[in-house]
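Before any comments, here is the structure.
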Amino acid sequence: LPSSSTPGLHDSLKKWNDEIEATNFGLASLNSGGTTAGELLLADVQPASAALHAVLVREAPSHADALACRCGRCGGSSDAADEEEDDEPAGSTRSTADADADDDDDDDDDDAAAAAARAAASSIRRYRRWRTCTGTNSTNDDATAMPGMPEDSTFVDAVRTTSEMLRSVKNLVRYTNAVRMMLGLDRFSRGPGNSNDGIADDPLRQLRSVGMLQVYQEVLVGCSCPAATTYSTGDAPRDDAARNASLALFHACYGAPDANPAATRARTALVEEVGFVPLLMDLLSRGTGGTMNSHGEEGDRPQLTLPPPLLLSLTRHVHSLVGCDPKVVPVMNKFVQSTSTCGSTNGSNSHGLVSALVSILSASVLYDDSNTPSFPGTEASDRRPDLVTEILRVLFALRATGAVPDPSSVSKDASEDDASPAVDFDTMTRIGEIACHTLKLPPTDRSLSSKLAAVTLLMDAPRGYASYLLNEGAIPPLLLIFRCQIDEVIQRRTGSFNADAATLVPILAVLDRLSADDSAVQQLVKSEVFPRNEEAAYQTRAAEERAKGGGGRNGLNAKNMQPALEASPGTLRWKMIRLMTWPESNVKRCISELLWRLCDCDATEFVLRVGFGNAVHMLGIKGLVQVPSSSFG
């Protein structure tokens with residue numbers, strides 16, 4: 001790293017970033033070098049982290065005017081944090097006692113590097129507050145120009161350099177995590193007498209300090225400011241800086257709570273000390289412009305007002321925070337309600353986060369402006385497919401926490417004076433429309449991940465939704481996904497048995513649920529598995545098997561060991577029957593449940609269709625035959 005702010009700083013960082021990203025963080029060379037090579041390279045992380053930290057805290061204050069918010073109003077409810085440097089930020093969930101304890105016990109308070117980082121963040125925040133107090137948003141106003149701030153001609157270079165520094169933070173953290181994973185390190189080593197359980201030994205400690213988290217957040221606020229740029233007009237340097245700031249925050253705090261205590265501590269600080277949640281909700285609420293009702297009628301069509309790559313990063317923040325601590329969801333809802341216009345007009349919507357996410361979904365999938373190709377687009381730089389996939393996954397995670405209500409228990413005619421059921425119904429209707437639209441997209445590599453995420457969300461589909469999908473022509477696309485996922489396991493299998501379950505269980509569960517909900521859907525799925533042109537031959541053979549007798553109790557009137565009509569190798573039925581004896585228990589159970597459903601839960605037809613040998617496991621689960629409990633898996 002050069003010692004001064006010269007073109008060499010930007011160029012050297014960009015070269016390193018390009019190289020490490022092009023080589024997938026050097027994992028191939030690390031694997032060939034073995035454990036010793038990995039340990040040696042991991043030892044280089046701490047000095048690299050310290051050097052990068054020093055450059056950031058040196059350069060950020062001198063670039064404050066280029067990085068600060070243009071309007072002075074961004075950051076959600078963080079104005080309270082600007083009033084006094086030592087105040088707790090808005091959105092903090094810490095008590096006064098917690099704050100006092102931190103003053104006594106937090107090592108960062110005595111760490112010069114952490115203090116320098118807090119000062120750097122303060123420099124940007126002060127300029128934002130100064131601009132608001134003077135009432136000027138013009139950087140050319142000589143009468144009110146803040147001393148020591150750069151001229152307009154240097155703004156782009158300042159933003160580009162800062163963006164590369166933040167990109168380096170992100171890559172250094174990802175690199176470290178990759179090396180630790182290669183070495184099989186579940187947590188940082190715990191030194192003698194170290195009560196922080198690995199935190200003190202974190203080589204990235206300086207880049208994860210509270211002060212540095214504040215620096216990343218301030219750059220994110222300033223470079224995503226609507227007064228500086230909008231998605232429709234574009235401002236590539238500021239867009240990149242905002243995204244890299246968000247990614248630096250994300251990776252600094254990313255890690256399973258029980259595997260990376262340093263990341264867990266940073267994540268806790270991000271929420272409780274930095275006050276990131278209100279900012280995050282403010283940005284998501286500003287992610288779209290325009291409103292619409294549940295059917296897209298009246299009002300303005302929603303359009304993305306922030307770049308998809310930035311929105312993708314912000315959505316991943318939501319997913320990580322919700323996954324690590326679902327109790328943060330009510331806090332998120334609270335701040336969306338206070339900043340967003342995408343929810344209830346009377347302020348009663350208790351599911352504001354979902355409304356904000358669904359508005360972004362609508363703008364990404366259903367509506368396109370004149371400058372944007374139809375979803376999912378064709379260019380690799382168009383990140384909307386990734387954004388849609390991530391939002392659908394977050395909605396599934398939120399449903400698991402109870403943040404998304406069961407729409408089957410909600411009436412669309414509920415009074416507006418009630419808790420908010422009408423809003424809930426409209427929101428869920430929009431989710432259903434988007435999921436259906438996504439399923440019907442042409443089958444391409446760019447749409448596949450979004451389709452699979454929609455399938456996962458439909459595992460909890462409400463009653464009556466099957467009929468909607470049937471009427472909208474969305475069942476055939478589901479059956480195509482079903483065939484592709486089975487082939488992924490049977491023919492192209494490259495993963496583990498757990499990977500088999502992840503591939504197949506969602507689509508099996510969805511088809512079973514939809515078939516139970518609508519008999520017409522069941523018949524459509526059944527004709528896909530048991531083709532109608534084979535039914536005459538099956539009925540003839542089935543009659544012959546029934547005449548032989550067998551079974552004789554619990555409604556079981558056949559005991560043919562093989563299917564009455566043998567399945568031709570390679571057919572869908574042949575593949576499904578093969579999966580009935582798959583080693584992975586979830587795959588075996590779900591495929592058997594679907595076939596049971598398609599046979600109208602009739603034991604005799606089930607045995608005739610698949611053979612007693614394949615059916616015995618499921619018959620035992622249903623209590624129709626005696627099977628040792630250990631065979632249930």
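The first residue in the sequence is number 1, and the count goes up from there.
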How far does CZ of Phe396 sit from NE2 of His319, to the nearest 0.5 angstrom?
9.5 Å

Within the structure provided, determine whether Leu284 and Val336 are in side-chain contact (heavy-atom separation under 4.5 Å).
no

Roughly how far apart are Leu314 CG and Arg243 CZ, rounded to 0.5 Å?
11.5 Å

Sidechain-backbone polar pair: Asp382 side chain, Arg384 backbone, donor-acceptor under 3.5 Å:
yes

Step through the shown structure and confirm whether more than 12 heavy atoms of other residues, nucleotides or ligands are within 6.0 Å of CD on Gln491.
yes

Do the side chains of Asp282 and Phe335 get nearer than 4.5 Å, heavy atoms only?
no

Would Thr429 and Glu433 count as a side chain to side chain contact (heavy atoms under 4.5 Å, CB included) if you check the C-alpha gap in whole Å, the side-chain angles of each, and the deciding distance to 0.1 Å?
CA-CA 6 Å; Thr429 298; Glu433 291 172 345; 3.8 Å; yes

Using a 6.0 Å cut-off, check whether atom NZ of Lys440 has over 12 heavy atoms from anything other than its own residue.
yes

Listing, residues 574-581 side-chain donor-acceptor contacts under 3.5 Å, not counting sequence neighbours, or none:
{"residue": "Lys575", "atom": "NZ", "partner": "Asp487", "partner atom": "OD1", "Å": "2.5"}
{"residue": "Thr581", "atom": "OG1", "partner": "Arg578", "partner atom": "O", "Å": "3.2"}

Enter the distance from Ile391:CD1 to Leu398:CG here, rounded to the nearest 0.5 Å.
11.0 Å

Between Arg541 (side chain only) and Pro563 (backbone N and O only), is there a donor and an acceptor less than 3.5 Å apart?
no

For the side chain of Asn471 and the backbone of Ser467, is there at least one donor-acceptor N/O pair under 3.5 Å apart?
yes

Would you find a donor on one side and an acceptor on the other, under 3.5 Å apart, between the side chain of Ser246 and the backbone of Ala242?
no

Looking only at atom types and distance, does a side-chain atom of Ser447 sit under 3.5 Å from a main-chain N or O of Pro443, one as donor and one as acceptor?
no

Applying ring pair (Phe, Tyr, Trp, His ring centres under 6.0 Å) as the test, list every pair that has at least one member in residues 459-480; sequence neighbours left out.
Tyr465-Tyr468

Sub-4.5 Å side-chain heavy-atom contact between Val610 and Met618:
no

Heavy-atom closest contact (Asn177 atom, Asn260 atom, distance):
OD1-ND2, 4.1 Å

For the atom pair CG (Asn614) and CZ (Phe612), what is the distance rounded to the nearest 0.5 Å?
11.0 Å

All N/O donor-acceptor pairs, side-chain side in residues 477-484, below 3.5 Å, sequence neighbours left out:
{"residue": "Arg483", "atom": "NE", "partner": "Glu528", "partner atom": "OE2", "Å": "2.7"}
{"residue": "Arg483", "atom": "NH2", "partner": "Glu528", "partner atom": "OE2", "Å": "3.3"}

Any side-chain heavy atom of Val587 sitting closer than 4.5 Å to one from Val489?
no

List the steps, then state whether side chain to side chain contact (heavy atoms under 4.5 Å, CB included) holds for Arg267 with Asp325.
CA-CA 10 Å; Arg267 185 169 55 250; Asp325 184 10; over 6 Å; no

So, the side chain of Thr305 versus the backbone of Gly287: is there a donor-acceptor pair under 3.5 Å, distance only?
yes

Which residue pairs pass the salt bridge (Lys or Arg N to Asp or Glu O under 4.0 Å) test with at least one member in residues 603-612, sequence neighbours excluded?
Lys526-Glu605, Glu535-Arg609, Glu605-Arg609

Counting distance only, does the side-chain N/O of Asn333 pair as donor-acceptor with the main-chain N or O of Leu353 below 3.5 Å?
yes

Could you go step by step and tell me if Leu366 and Arg430 meet the side chain to side chain contact (heavy atoms under 4.5 Å, CB included) rule?
CA-CA 10 Å; Leu366 299 180; Arg430 291 170 65 188; over 6 Å; no

Testing the basics here: between Ala466 and Val521, what is the closest heavy-atom pair and its distance to 0.1 Å?
O-CG2, 3.8 Å

Sorted by chain and residue number, the salt bridge (charged side-chain N to carboxylate O under 4.0 Å, His left out) partners of Arg492 (sequence neighbours excluded) come out as Glu488

Restricting to non-hydrogen atoms, name the atom on Ala520 and the atom on Leu470 that form the minimum distance, rounded to 0.1 Å.
CB-CD2, 3.5 Å

Quick one, Thr378 and Pro373 - any side-chain contact, counting heavy atoms below 4.5 Å?
no

For residues 442-459, which residue pairs pass the salt bridge (Lys or Arg N to Asp or Glu O under 4.0 Å) check, not counting sequence neighbours?
none

Assess the residue pair Arg589 and Val505 against the criterion (side chain to side chain contact (heavy atoms under 4.5 Å, CB included)); give the C-alpha distance rounded to whole Å, side-chain angles, the decisive distance to 0.1 Å, and a yes or no.
CA-CA 9 Å; Arg589 175 67 183 270; Val505 167; over 6 Å; no

Under 4.0 Å between a side-chain nitrogen and a carboxylate oxygen: does that hold for Lys622 and Glu593?
yes

Can you name the nearest heavy-atom pair linking Leu439 to Leu458, along with the distance?
CD1-CD1, 3.7 Å

Backbone N/O of Leu594 and side chain of Asp512: donor-acceptor pair under 3.5 Å
no

Per the side-chain contact (heavy atoms from CB on, under 4.5 Å) rule, which among Ile434, Thr438, Leu395 passes with Leu457?
Leu395

Is Thr456 reaching over with its side chain to a backbone N or O of Leu452, donor-acceptor style, under 3.5 angstrom?
yes

Check: Phe375 ring centre within less than 6.0 Å of His437 ring centre:
no

Quick check: do Ile591 and Leu504 have side-chain heavy atoms less than 4.5 Å from each other?
no

Polar side-chain atom of Arg573 near backbone of Phe530 as donor-acceptor pair, under 3.5 Å:
no

Side chain to side chain, Leu312 and Arg316, heavy atoms closer than 4.5 Å
yes

Under 6.0 Å from the CZ atom of Phe250, do we count more than 12 heavy atoms belonging to anything else shown?
yes

If every non-hydrogen atom of Ser450 is compared with every non-hydrogen atom of Leu392, which pair is closest and at what distance?
O-CD1, 3.6 Å

What is the distance from atom OG of Ser285 to atom CD1 of Ile360, rounded to the nearest 0.5 Å?
8.0 Å

Measure the shortest side-chain to side-chain distance between Leu220 and Leu283 over non-hydrogen atoms and say whether it is less than 4.5 angstrom.
yes

Would you name the heavy atoms of Pro506 and Ala501 that are closest together and state the gap between them?
CD-O, 3.8 Å

